[in-house]
Amino acid sequence: MAKYDFVVAVGGAPGQGIDTFGISLGKICARYGLHVSTYSAYQSLIRGGHTFLTIRISSEPVANHGDEIDLIIALDKNSVEKHIENVRPGGAFIYNEDDVKKAPERDDIQLCPIPYKKFSSGIEDRKLQRRALNTCLLGTTLRLVGAELNVLEEIIIQTLLKRKGQEVVDANIMVATAGYEHAVENFTQFDDKFEKQEPALAFVDGNSAMAMGGAAAGVKFYSAYPMSPSTGVLKWMATYARELGIMVRQCEDEISVINMVIGAAHAGCRAMCATSGGGFALMSEAIGSAAMMEIPIVVINVQRGGPSTGLPTKTEQGDLWQLLGASQGDFPKIIVAPINIMDGFHTMPELFNLVDKYQCPGMVLSDLTLGMGFTTFDPASINWQPEIDRGELISELREMDGEYLRFQITDSGISPRAIPGTPGHIHVVATDDHDEDGGLISDEFTNPHKRRDIMEKRQRKMEGIVKLLPPPTLEGPEDADVTLIGWGSTHGVISEASQMLNGDGIATNHIHFKWLYPIDEDVVNEVLANAGRSIIVECNYTGQFARFLRGETGFKADGHIRKYDGEPFMPHHIVDGTRELLIGKTELYVPYQEIVV
Amino acid sequence: MAKYDFVVAVGGAPGQGIDTFGISLGKICARYGLHVSTYSAYQSLIRGGHTFLTIRISSEPVANHGDEIDLIIALDKNSVEKHIENVRPGGAFIYNEDDVKKAPERDDIQLCPIPYKKFSSGIEDRKLQRRALNTCLLGTTLRLVGAELNVLEEIIIQTLLKRKGQEVVDANIMVATAGYEHAVENFTQFDDKFEKQEPALAFVDGNSAMAMGGAAAGVKFYSAYPMSPSTGVLKWMATYARELGIMVRQCEDEISVINMVIGAAHAGCRAMCATSGGGFALMSEAIGSAAMMEIPIVVINVQRGGPSTGLPTKTEQGDLWQLLGASQGDFPKIIVAPINIMDGFHTMPELFNLVDKYQCPGMVLSDLTLGMGFTTFDPASINWQPEIDRGELISELREMDGEYLRFQITDSGISPRAIPGTPGHIHVVATDDHDEDGGLISDEFTNPHKRRDIMEKRQRKMEGIVKLLPPPTLEGPEDADVTLIGWGSTHGVISEASQMLNGDGIATNHIHFKWLYPIDEDVVNEVLANAGRSIIVECNYTGQFARFLRGETGFKADGHIRKYDGEPFMPHHIVDGTRELLIGKTELYVPYQEIVV
Amino acid sequence: MAKKERPIKGAPTARDYKGDVNPDWCPGCGDFGVLASLQSAYAELGRGSHDHLTVSGIGCSSNLPGFIRTYGMHTLHGRSLAVATGAKMANHELNVVVTGGDGDGYGIGGNHFIHTMRKNIDLLYIVMNNETYGLTVGQASPTTVVGEKTYSTPFGNIETPLNPVAMAIVSGATYVARAFSSERKQLTELMINGMQHKGFAFIDVISPCITWKGDEIFDYWKERVNMLEDHDTSDKAAALEQAVKTGHDTQLGLFYHDTNSQSLDQMEPVLENGPMAHQQMGVTPEQGDAIIKRMM
Amino acid sequence: MAKKERPIKGAPTARDYKGDVNPDWCPGCGDFGVLASLQSAYAELGRGSHDHLTVSGIGCSSNLPGFIRTYGMHTLHGRSLAVATGAKMANHELNVVVTGGDGDGYGIGGNHFIHTMRKNIDLLYIVMNNETYGLTVGQASPTTVVGEKTYSTPFGNIETPLNPVAMAIVSGATYVARAFSSERKQLTELMINGMQHKGFAFIDVISPCITWKGDEIFDYWKERVNMLEDHDTSDKAAALEQAVKTGHDTQLGLFYHDTNSQSLDQMEPVLENGPMAHQQMGVTPEQGDAIIKRMM
Ligand SMILES: Cc1ncc(C[n+]2csc(CCOP(=O)(O)OP(=O)(O)O)c2C)c(N)n1
Ligand SMILES: Cc1ncc(C[n+]2csc(CCOP(=O)(O)OP(=O)(O)O)c2C)c(N)n1
Ligand code: SF4
Ligand code: SF4
Ligand SMILES: [Mg+2]
Ligand SMILES: [Mg+2]
């Protein structure tokens, strides 16, 4: 089968059911075994807001929203005006003809006006009528891409019957059918059509994937304060709390959130929380306290556009230095940036095993693109029973020679950790520095030699950690002319850009960082030795990763591609940037964002 | 006159008046025109605490507490036992003979037991009797170093008469005289003696110096939440609030502290606050908000030993990365680390002029050594009327062509700033991103092009700032074999170590960083081009500055001397470390702390 | 939002306080009523529009300063009271009004809430209480009632809501009221009196969120609210008794008014020479000498 | 402080709860009385010493967990209640007691104070209220009285202190008392009952700081305190009326006891299967399948 690669986008106002459209279409693709990657350009839900959801569909795994849009569905007049130019020549544009006085003018695409009022006149409930528009246009969409209507019907029943009742289901099926049939009669299908492939996939967003990963890793305590774009983790956790036996608490603020996580983790639960930049800032004091008390916790930061409240609904990779610098002093910590949505799932058990073993905070750096994006995955690729290694955890009375020392000085820096309630291991953990048995160094006595010993004990854990972290990955030819270097969420888009460049005859490879801290200088430099003309691609202004990487390894890239306008990279941004940088006029390329929402 | 260089140390329990001893002796030195540098190794004031105050006295300016102690005064038994070994051979040891059953044994020093009970038997108030011990031993001290008793009498009157009354003054003078006379009869004076030199100096601690600098810079609003070792700034401000017309507010927490500063600064005051690591962590969210609303503020972080609550009474340079990473996203900011106590004074007006001009947050990185240390200074060296440049501040109605745009896009990135209350300039500042007139980008509309423009406008300010910041200083021969590199508070101790190395025939120079962020890569590399075998000296575990400097400039030092046991460097630590590193067995030298409190 | 100050001819009206930007709230949101009342109240006060400073945190309700023609600050989530206190201390001649939501003020901002009241800072604080985190799509807030199903409590909230009016009285606010955004006249009056009150004035305004609470939410409230009557607003214990009452009805009106206590700016001696922002900066040579003398 | 669990023979006594480290408080500090009472109360409760978790913030008073033979956490300044809530939710079979100071609990920790009470978390919270920031050498705290000269208020404090007892009642604590560290018997009893109370129990303990308040501070308090008598502890309005009383005298005793409300752990369905810390971790294949199904 030839590669299928098709991009659908849908625009409209909040409340018009863009999410529903996206989830339904996503699930339909999943049932066809087609892979999906979505990106939603949206604003906070208040009047005047506008959402533009891009759904890329492919017969092969895909992890970015692509360069061109084949088909756009406009749910309101605003979207007609805004997005008529965004369809590629030869594409199609579906809209509600009741919305527009004058039909949009473009003769290089197929215009597909839908007489929605007519189709929906049988629906008496006005609100229901208004809300079903998206389903109608989805019917039309399915016909254009060659998908079957009955899959949509199944999904309507699955998602709406229990929550909304038969009437709503019937209305939706009715307009979907009308939209579909109208297309059969009036519009031309795309040449490339949906074809079923095995296996059928599932459809998930990035925040849920991380929550699922946490649940699989054995998280028993989750606390949160709402903050876009991280709130989806809370939603998943709250939804599955009872089914899976997870304690979920919403707190008065983020300070409370992380301190509760610390309390719960100390008492024996795997515990985590998620937030975004501003919430993370408030948590930063407690990150250091977890390290000092040697309590394993996991904190997820789903980055959004900064600085400050910034761009709550836009993406950025702008919090790397915040995580690197979170809390005063030096202490063991782990920072990891999942490279795609499903990697978010897999990362959680990996990280929990590490933080349990090394009794330190672990931080996950996701972002809006990843957290609020959707992808498809093969259910068989999910390991719901990953290895759970809790490290040296004591929860029962045991034989000991001599006293139990909570912070025993060991070669590995790891000291066996007893949880409260365990007989025979009573101890105090403190955020003041302390000696092996927990006695305070600072207040009661201040011994520089003990301090040095315990500081070195703690920091020795970093030596163990750094050896366990996988090196950055190298994809593409070993000796390439150009090397694209990225970190975290941009893996998919850089990967595709790299393939495009190779296709255009520019030998390119791709080095990608997932585990960000600690970094093993020698190991990383060995990987970087494969670099050709090197270009670091990241989604922030100052080149946070480039500066960090140079500090840790001395590696200075030849050029940089950076974006900080709130919108994520599209593959051609990187391809164009690479060409510009190769010409050598500049060391920094900042792509122009063509699609404006 | 030959160089006079003498180190006195006094040990005792809190409540025994070590501070009083130190301040009195310091002032006496100041009146003699002698320079002083003090370091107090102390613990939180609770029972069992112990303090050991080192006072270095020199005929030349001095900025560290030296390597050897010539004279120790023990105020309690504990100090006799603990510190008898800390006197250099040939030195002297003064103690209260009532405290000890068996006289301490050392035949290479002069032992000076004082029969305090006998001397003070005339004081009826038991508490007063107990409290005057330090004055008695100070009397003895003065005799040993060849200072005159009447200077102490003057100081006793100056500091005690008004607050405590005649009885207390008389008792203190009585025991001081007894202590002095006893020494005349029984002990030998040191060969090197106090000699008056001009001008007479003043005596100040580092926190007060920064507060004074703030006042001179025109600070009108100061808020605080107590946190060691920064609380001295609050104390100075509260003491002088009424006299100087400064609004001083103690808040419920550090979050409130910085947000009040932001409010006050927005309303037109120069405003600042001070805290230590944990308090700064809580402030970090608001740092970014000041940058986003383009409100000039100054935040002082007086570092202590970390991580977390850590070592509240010990020193460290461990918060550099916390400041670099404070708050999410990229934004303009300035970080400066004063290099000695009086530099703390001078830094404040410099920094305020910069932040007013560039309307961004300024952060001062001091530490316990600097903040709680004392120094002497020539009153004539103090400029109480530094230039105050408030930048483009609008506080009156004025002619404009067109609308006032608070965030007008300009080449410099600077937009004229009107303060509330000014007619004709109404506007809203927001922590959400916004366009030129303050309209929200994020919530109401989200335009990537406007976002890019305003982000670039803000960041352009960094280009202006970086040009104004002085480069690191180079002291010593230009082409030296060894280059010691330091930052902030270690200037004095590195400087002395460098001189000692030169004296020992190892050609050494010293590069020191005060302005830490932003860094001009080219300018700094030009200075670093003078480096011989380079050694970075800093007071933390991971080499925070070394890693930062390498990231910004690519410079990788040949060796490192680091200390993280809570005690500050002494010159010989650096000299010894340099020798070790020159031998080349190691890249990292961690000095052993000999004096244990 | 740049809001060019309009020359006001004659007595100012609410229109003069309309901003250039239209509110971006959902049509029907309770916050519209609060905005309109505040515009009327500012007009009624009769001062120049540049003499007011409207400060908010983050939330739907906190977008308000963008829609009003005064100086405005749209600060961090939960931090409006601290910022406003700083501004007021810097220039106590400004009329500083703080607006925000229940999540902003009672949730993350709870500590500033109680301490700003304790200090009796001369502010008017208006909380648009919709019993939800509106902007973050409808999680339970500190005032969400028990049993309610929300984004974060899909099986029903099990945490008791807090009582803002009782909390305010106990914490030291000196003017404490509850209002309803649909009762515009009362609300406007409470705002005017609150601005004129010297000290911390607090109005908890029921300001329903139709998006997360449903269209029936206004009817729900209309049916429950009634006016506080025959009540001695100077009696703290009585005010508290009214405030802690539970049951079906919700009382609107002024619960407590302490006309004796002084606000912090009245008690702060350094303000005797006028607003800090306009006082002489720096240290005079004489002051400098006096300081140095104590260090010698 | 490692505190090897001592085998307890017979009924436990306060001695069994003595830590290995001697308190580092100034001789005469009020906190000694609180420590002694807590040791008695733990002993009286009769559970294994490893079944207790003593959590504190930062401050002189917050050093307490180091001096007592139970599991202990000495957390961040102001954050003890949040940490304790997490621990309690993770293992509600632990007896979790939180200790700290007025600065820690009412200052920086104020938001957790009101919200932990609102949620009626099953903790005993003991605040050693000395009306000062003891450890940071005596600044004004949220309970420092007007006029007092401190490190931070050299000309006298001008801010009204907060009323912890009234605040607790209004916020939703279900067991609210005031005690005096020198009235050991009453204090111990209140602690025992507070630990046995299912819900948030709060004791504001006057625990004088002799170092920053002077030696006369005990006499000052002895002369003012007297016992709350003839008071119906189940009547919230009456409790509030007592709590907001001002004047020379300070009442000691139990102000409010709500025996009807349920604590959060009692209401939380996920705890039906025992403490979270001991429940099965992870997702079973069946649960996983059910989750995936909803995503297809
Ligand atoms: C530190 C921080 N945490 C979380 C958020 C996310 N956030 C934005 S608005 C909001 C809730 C607003 O609720 P409320 O104050 O009640 O206002 P409403 O939208 O209901 O009017 C939250 C949690 C934030 N901006 N900053
Ligand atoms: C975030 C933070 N801010 C400030 C401090 C400094 N600090 C330590 S103890 C303390 C005050 C303690 O007062 P209180 O809780 O009343 O306890 P007390 O010493 O009076 O018993 C402060 C402000 C800190 N450790 N952390
Ligand atoms: S979401 Fe609710 S609170 Fe926000 S604007 Fe809409 S109706 Fe108002
Ligand atoms: S300073 Fe005060 S509170 Fe702290 S230990 Fe001493 S007497 Fe107790
Ligand atoms: Mg709300
Ligand atoms: Mg206290």
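Throughout, protein chains are lettered first and strands after them, A, B, ... in sequence-line order, and every chain is numbered starting at 1. Every heavy atom of this structure was used, including side-chain atoms; hydrogens, water molecules and symmetry mates were not.
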Looking only at heavy atoms, what is the nearest atom pair of [X] and [Y], with distance?
{"X": "A/K314", "Y": "B/T446", "result": "CE-CG2, 2.9 Å"}
{"X": "B/M292", "Y": "A/P307", "result": "CE-O, 3.3 Å"}
{"X": "A/Q593", "Y": "B/H449", "result": "O-NE2, 2.7 Å"}
{"X": "A/E552", "Y": "B/R547", "result": "OE2-NE, 3.2 Å"}
{"X": "A/S284", "Y": "B/S284", "result": "OG-OG, 3.8 Å"}
{"X": "A/G288", "Y": "B/S308", "result": "O-CB, 3.7 Å"}

Quick check on the interface: out of [options], who has the most heavy-atom pairs with chain A under 4.5 Å?
{"options": "B/A286, B/G325, B/G305, B/S276", "answer": "B/G325"}
{"options": "B/G278, B/G318, B/S289, B/G566", "answer": "B/G278"}
{"options": "B/N540, B/L324, B/N447, B/V590", "answer": "B/V590"}
{"options": "B/D319, B/D330, B/I454", "answer": "B/D330"}
{"options": "B/A326, B/G310, B/A291, B/A281", "answer": "B/G310"}

Check this for me: B/E81, atom CD, are more than 12 non-hydrogen atoms of other residues, nucleotides or ligands nearer than 6.0 Å? yes
Roughly how far, to the nearest 0.5 Å, is CG of A/L282 from CD1 of B/I255? 5.0 Å
Atom pair CG/CG of B/L311 and A/D433 - distance to nearest 0.5 Å: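 CG of A/D433 is found 5.0 Å from CG of B/L311.
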Between [X] and chain B, which part of the residue has a heavy atom less than 4.5 Å away: side chain, backbone, both or neither?
{"X": "A/T553", "value": "backbone"}
{"X": "A/Q544", "value": "side chain"}
{"X": "A/E254", "value": "neither"}
{"X": "A/R458", "value": "side chain"}
{"X": "A/L323", "value": "neither"}
{"X": "A/F555", "value": "neither"}

Between [options], the one whose heavy-atom pairs under 4.5 Å with chain B are most numerous:
{"options": "A/G306, A/P448, A/G329", "result": "A/P448"}
{"options": "A/Q317, A/K556, A/E456", "result": "A/E456"}
{"options": "A/F280, A/F331, A/Y541", "result": "A/Y541"}

Check the pair B/Y564 / A/Q459 against side-chain hydrogen bond (donor to acceptor under 3.5 Å, both in side chains), numbers first and verdict last. CA-CA 12 Å; B/Y564 42 83; A/Q459 290 294 136; over 6 Å; no
If only side-chain N and O atoms count, and only distance matters, is there a donor-acceptor pair under 3.5 Å linking A/D432 with B/T309?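 Checked: B/T309/A/D432 side chains show no N/O donor-acceptor pair below 3.5 Å.
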Check the pair B/R452, A/E567 against salt bridge (charged side-chain N to carboxylate O under 4.0 Å, His left out), reporting the backbone distance first and the verdict last. CA-CA 10 Å; B/R452 183 170 164 183; A/E567 300 291 329; over 6 Å; no
Partner of A/Q322 under side-chain contact (heavy atoms from CB on, under 4.5 Å), chosen from B/Q328, B/Q322, B/E285: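 For A/Q322, the side-chain contact (heavy atoms from CB on, under 4.5 Å) test succeeds with only one of B/Q328, B/Q322, B/E285, which is B/Q328.
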Parallel, tilted or perpendicular for A/F548 and B/W321, by the 30°/60° rule?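 A/F548 vs B/W321 ring planes: perpendicular.
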